[in-house]
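Heads up, the thing below is written out as structure tokens.
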Amino acid sequence: YIHQSKQTSGKVLNDISLNDDIIGQVNDEVAEWADTTEKEIANLKKMEVFRKEFIGNVSHELKTPIFSIQGYIQTLLDGGLYDQQINYSYLKKADKNVERLINIVDDLETISTHESGKMIVDYEAFDIVQLAQETFELLDMNADANDVSLSIKKGFSPSIKVYADKDKIQQVLINLINNSIKYGKIGGKTEIGFYDLAENILVEVSDDGIGIGEEDMPRLFERFYRIDKSRSREAGGTGLGLSIVKHIIEAHKQTINVRSTRGLGSTFGFTLRKAS
């Protein structure tokens with residue numbers, strides 16, 4: 001053995017055996033390093049593509065209402081302000097686009113808070129069945145406008161206690177139910193079911209709408225990803241709802257999943273911890 005006890009850069013070099021396969025070890029280390037580096041480079045490239053796509057999506061989402069507002073204001077300044085048939089209508093349209101901008105900014109702020117790890121989850125025990133019914137009442141006008149019925153599936157307990165952040169879970173329900181209405185069919189239905197999973201409760205929001213194709217599934221929870229771009233924009237969606245839903249459920253250390261068949265409908269399911 002060759003013993004080297006000299007300290008270099010704060011480290012003591014270990015004994016090296018002449019019988020060791022030094023070249024083989026170096027080759028293995030180089031191969032491992034190359035493999036790790038290749039994966040890191042691939043991941044960085046993927047993140048760069050995602051960053052560019054995200055910036056492009058944000059720009060597109062903001063441009064649409066901004067250009068609309070600019071057009072309405074320009075028309076008013078060019079004389080439309082003094083036309084009683086134009087001024088009120090254009091101001092209402094401009095106001096609607098301002099509201100859309102506010103919704104986009106609010107949703108982006110929500111996602112930023114979630115991703116930074118600064119989101120505070122205020123746990124409390126509450127009745128998830130009652131919360132679902134209250135959420136239906138908030139959205140019944142949207143449902144009526146699309147002739148979609150909202151109901152709790154039969155056969156479940158009228159009261160189920162869970163331990164979670166009530167306000168944030170209602171936000172999850174609002175996003176999922178609104179999506180089911182938006183992508184539902186005229187005269188269709190949205191149902192919520194509850195299933196006992198030992199320590200957790202599985203909450204499922206189901207519809208009989210247009211469904212989701214397999215090609216869309218992997219990207220479903222991405223920011224600004226839309227299954228039907230024209231339809232969702234017309235309905236005023238920001239394209240951030242499902243991403244927010246995913247972040248909220250993950251902040252609760254729970255899971256969310258989706259199953260769907262094109263033309264038959266979709267079911268989004270998420271788990272919540274039972275209240276003791």
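What you see is a predicted model, and the numbers here were worked out from it, not measured in a lab.
- In terms of the salt bridge (charged side-chain N to carboxylate O under 4.0 Å, His left out) criterion, Glu191 has no residue partners (sequence neighbours excluded).
- The side-chain contact (heavy atoms from CB on, under 4.5 Å) test with Phe268 is passed by exactly one of Val172, Asn257, Val203, Leu242: Leu242.
- Between Ser260 and Gly265, the closest heavy-atom pair is OG-O, 2.9 Å.
- Listed by chain and number, the residues in a side chain to side chain contact (heavy atoms under 4.5 Å, CB included) with Glu250 are Lys246 (sequence neighbours excluded).
- Under 3.5 Å, the side chains of Ser159 and Asp127 contain a donor-acceptor pair of N or O atoms.
- A search for salt bridge (charged side-chain N to carboxylate O under 4.0 Å, His left out) contacts involving Arg259 returns Glu204, not counting sequence neighbours.
- The salt bridge (charged side-chain N to carboxylate O under 4.0 Å, His left out) test applied to Lys274 returns Asp196, not counting sequence neighbours.
- Rounding to the nearest 0.5 angstrom, the gap separating the CD1 atom in Ile41 from the OG1 atom in Thr36 is 11.0 Å.
- The nearest pair of heavy atoms linking Ser157 to Val129 is O-CG2, 3.8 Å.
- Considering all non-hydrogen atoms of both residues, Pro65 and Leu101 come closest at CG-CD2, 3.5 Å.
- Counting heavy atoms from C-beta outward, Asp208 and Lys185 have side chains that approach closer than 4.5 Å.
- Formation of a donor-acceptor pair under 3.5 Å by the Asp140 side chain with backbone atoms of Phe136 is not found in this model.
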Exercise answer: donor-acceptor pairs, residues 71-87 side-chain atoms, under 3.5 Å, sequence neighbours excluded:
{"unit_1": "Gln74", "atom_1": "NE2", "unit_2": "Asp78", "atom_2": "OD1", "d": "3.3"}
{"unit_1": "Thr75", "atom_1": "OG1", "unit_2": "Gly71", "atom_2": "O", "d": "2.9"}
{"unit_1": "Asp83", "atom_1": "OD1", "unit_2": "Gln85", "atom_2": "N", "d": "2.9"}
{"unit_1": "Asn87", "atom_1": "ND2", "unit_2": "Leu81", "atom_2": "O", "d": "2.9"}

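- Residues Leu176 and Asn179 form no side-chain contact, since every pair of their non-hydrogen atoms from C-beta on lies 4.5 Å or further apart.
- Ile174 CD1 to Glu134 CD: the interatomic distance, rounded to the nearest 0.5 Å, is 10.5 Å.
- Contact annotation: the side chain of Ile256 never approaches that of Thr271 to less than 4.5 Å [non-hydrogen atoms, C-beta and beyond].
- The structure places CG of Asn97 at 12.0 Å from CD of Gln70, a figure rounded to the nearest 0.5 Å.
- Among the candidates Leu197, Ile128, Asn200, Leu202, the single residue satisfying the side-chain contact (heavy atoms from CB on, under 4.5 Å) test with Leu272 is Ile128.
- At least one side-chain heavy atom of Lys153 sits less than 4.5 Å from a side-chain heavy atom of Tyr195.
- Atoms CD1 and CG, on Ile192 and Leu131 in that order, are 8.5 Å from each other to the nearest 0.5 Å.
- You'll find the ring centres of Tyr123 and His252 inside the 6.0 Å limit.
- The environment of Glu99 atom CD is sparse: at most 12 non-hydrogen atoms of other residues, nucleotides or ligands sit within 6.0 angstrom.
- Using modelled atom types, one finds no donor on one side chain facing an acceptor on the other under 3.5 Å when comparing Glu137 with Gln133.
- Rounding to the nearest 0.5 Å gives a distance of 9.0 Å between CD1 of Ile201 and CZ of Phe194.
- Asp165 is linked by a salt bridge (charged side-chain N to carboxylate O under 4.0 Å, His left out) to Lys168, counting only residues two or more places apart in sequence or in another chain.
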